[in-house]
Asks: 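Can you read through this structure? Questions will come right after.
Counting convention: from 1, in listed order, for ligands and their atoms alike. Values reported hereafter were calculated over all heavy atoms of this structure, with side chains retained and with hydrogens, waters and symmetry mates removed.
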Amino acid sequence: MENKLTVECLDCGYQAPYMPGSLSCKQCGSQWRQARYDYSNLGRIMPALLPHRPFNLWRYRELLPIYEYNPSLSLGEGGTPLIHAANLGMMLGCPNIYIKDERQGPTNSFKDRQAAVGIATLKEAGINEAVLASTGNVAIAYSAYAARAGIKLWAFLTSSVPAEKMREVAIYGTQVVKVTATYDEAKKLAAEFANQRNLFLESGPRTLSSIEAMKTLAFEIAEQLTDLLGPDHRDTNDALLPWRVPDWYFQSVSGGLGPLGVQKGFDELVDLGLTQERPAMAIIQAEGCSPMVVAWKKGHSTAEPVRSPRTHITTLATGDPGRTYTMLYQHMVESGKGLFESVPDEETFRTIHVLAKMEGLSVEPAAAVAFAGLIRLVRAGKIRPDDLIVVNCTGHTMPVETSVLGDNWARNVSLPVEPAALTPQEGLLEALNQVTADRYPRILVVDDFSDARRLIRRILQSQGDYTIFEAASGRDAIQLAGQELPDLIILDLMMPEIDGFAVLDALKANPETSSIPVIVVTAKELTPEETERLRGQIQSLLQKGEFMNDEFIDEITSLIN
Ligand SMILES: Cc1ncc(COP(=O)(O)O)c(C=O)c1O
Ligand SMILES: [Zn+2]
């Protein structure tokens, strides 16, 4: 068997040829090891190999710790789309946001990569039974691949994992062990169990295949950005090089395996000579369990464990990130870019609605954390408007959606039980009336730019249930206001012919519309005379681009309720 990779110990530097199934350094016993490849050779051959391979994770197999690619174990992992988030970009004033849609993996999370490569390496090593601890998604992904490969799996899950996720683990035939304790404690228990029975233990960043699997995200992102935007012509004459990488890579983080692997991927692209730059990593945690962020903000290279996580997002409840944090920290300090940030759960839950209603992406809370972090950092001015941003959309909502929808998310229709009195036609009409019976707050949006109207509509729809009317001119605005008598008017000032000031005069002159609250949105600085003209006529004045701040939504809610 040709030795395609070497394993280097991060503690003593000892290098050994890769052996499937070997778990620690032969010299010092450390489990912290890293795979190294012949980058100069691979950098030459990979660009010629890739165009002939399907777009999935195995197209980079020369850079993965397997000797023989076994397609019969595959479920179609990797190769997820990179989606331009035009609406979110418009809302945030950052047009270059792309979403790596990892929900589209075989079990709907980015952990499919880890499981696909992990199970393939176990199979090569002849291992038939394995143990892991998980907050849900790792167990689901590993279970699917283990089932396919005929490997027996034990999954230690904290009791806070939603029952639906636990059942999904069980349906693949995995033995579920529910642990009523924190995730860190469940990990310890799983480790003891594996040790006692001499079974293989999947241990995140210390499992070589896990880091190697996650780095394929970096490879795919660079290839996809290059396809979409062309190579990054900095200082080469080569028409195909260097590949393009984002300025920022965003990811929600629990234990930190994902960013550690992705970071290694971007480093390897440089080693291979395919790229020149590395992205800044934005590592986002849930505020109630954010040991990395706390340590980072204090400038510490080690993280103080959080003993009792206080977040509803149990998927991200790793209290003790251990050495993974230190490795991420050191990389950030050495590269001089990147950051750690946290977001409160409410912001994350609000972001789920924004993504679903503006981009058509239903994501699970753990994935939304990264997007909530993006929104927060853009607002804080940490991201430049022209930055190229990729967000890892790590998982789908499905089993956890109960916590984010609240009540009254469907309209109930009951067809009459006694059809005798009504004809079937009447019965149906009666039922349909029930569908349209409740009244949502009605808002008239006035702006001559259709993009601006569309943006306000999307923002409103992402934040609640409203009936929205649009007027593209002052004339239409006056007419629609009189006809529909909305609960609120959002009015642009600068419009040709009848401008916002004239619309206001007309509204105030009509007793039917004079008391409708008005929020004025303007792109320009007002003169003192203009400000004076608005005094007493409107409820608030917003600068364009300020829409996404919470005051806008709070203001609307307070005016119509
Ligand atoms: C959907 C989702 N997002 C993010 C994470 C964080 O992953 P990690 O910190 O292990 O890379 C997880 C971990 O299970 C997850 O399931
Ligand atoms: Zn060693």
Asks: With a 4.0 Å cut-off on heavy atoms, does Ser252 reach ligand 1?
Replies: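 The answer is yes: ligand 1 sits under 4.0 Å from a heavy atom of Ser252.
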Asks: Heavy-atom distances under 4.0 Å decide this one: backbone, side chain, both or neither, for Thr318 against ligand 1?
Replies: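 Under 4.0 Å from ligand 1, Thr318 contributes no heavy atoms.
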Asks: Look at ligand 1 and say whether Gln251 reaches it with a heavy atom at a distance under 4.0 Å.
Replies: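 Checking ligand 1 against Gln251, which is what was asked, there is a heavy-atom contact under 4.0 Å.
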Asks: If you measure from each non-hydrogen atom of Asn137 to ligand 1, which part falls under 4.0 Å: side chain, backbone, both or neither?
Replies: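 Under 4.0 Å from ligand 1, Asn137 contributes side-chain atoms alone.
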Asks: Can you confirm, on distance only, whether ligand 1 has an N/O atom lying under 3.5 Å from any N/O atom belonging to Gly258?
Replies: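 Yes; the residue has a nitrogen or oxygen that sits under 3.5 Å from a nitrogen or oxygen of the ligand.
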Asks: Hey, are the side chains of Lys123 and Tyr145 touching, using non-hydrogen atoms and a 4.5 Å cut-off?
Replies: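 No; the side chains remain at least 4.5 Å from each other.
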Asks: Under 4.0 Å from ligand 1, counting heavy atoms only, is it the side chain of Ser254, its backbone, both or neither?
Replies: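 Both the backbone and the side chain of Ser254 come within reach of ligand 1.
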Asks: Would you mind reporting whether Tyr37 and Pro65 have side-chain heavy atoms less than 4.5 Å apart?
Replies: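 Pro65 vs Tyr37: side chains touch.
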Asks: For Arg384, I'd like to know if atom CZ has over 12 heavy atoms of other residues, nucleotides or ligands within 6.0 Å.
Replies: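 For Arg384, atom CZ is not crowded (no more than 12 foreign heavy atoms under 6.0 Å).
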Asks: Counting only nitrogen or oxygen atoms and a 3.5 angstrom limit, does Phe110 reach ligand 1?
Replies: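 No, no N or O pair falls under 3.5 Å.
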Asks: Got the closest protein heavy atom to atom 14 (O) of ligand 1, with its distance?
Replies: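 For atom 14 (O) of ligand 1, the nearest protein heavy atom is Lys111 CE, 3.3 Å.
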Asks: Report the nearest protein non-hydrogen atom to atom 15 (C) of ligand 1: residue, atom name, distance rounded to 0.1 Å.
Replies: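 Nearest protein contact, heavy atoms only, for atom 15 (C) of ligand 1 is Thr315 CG2, 3.5 Å.
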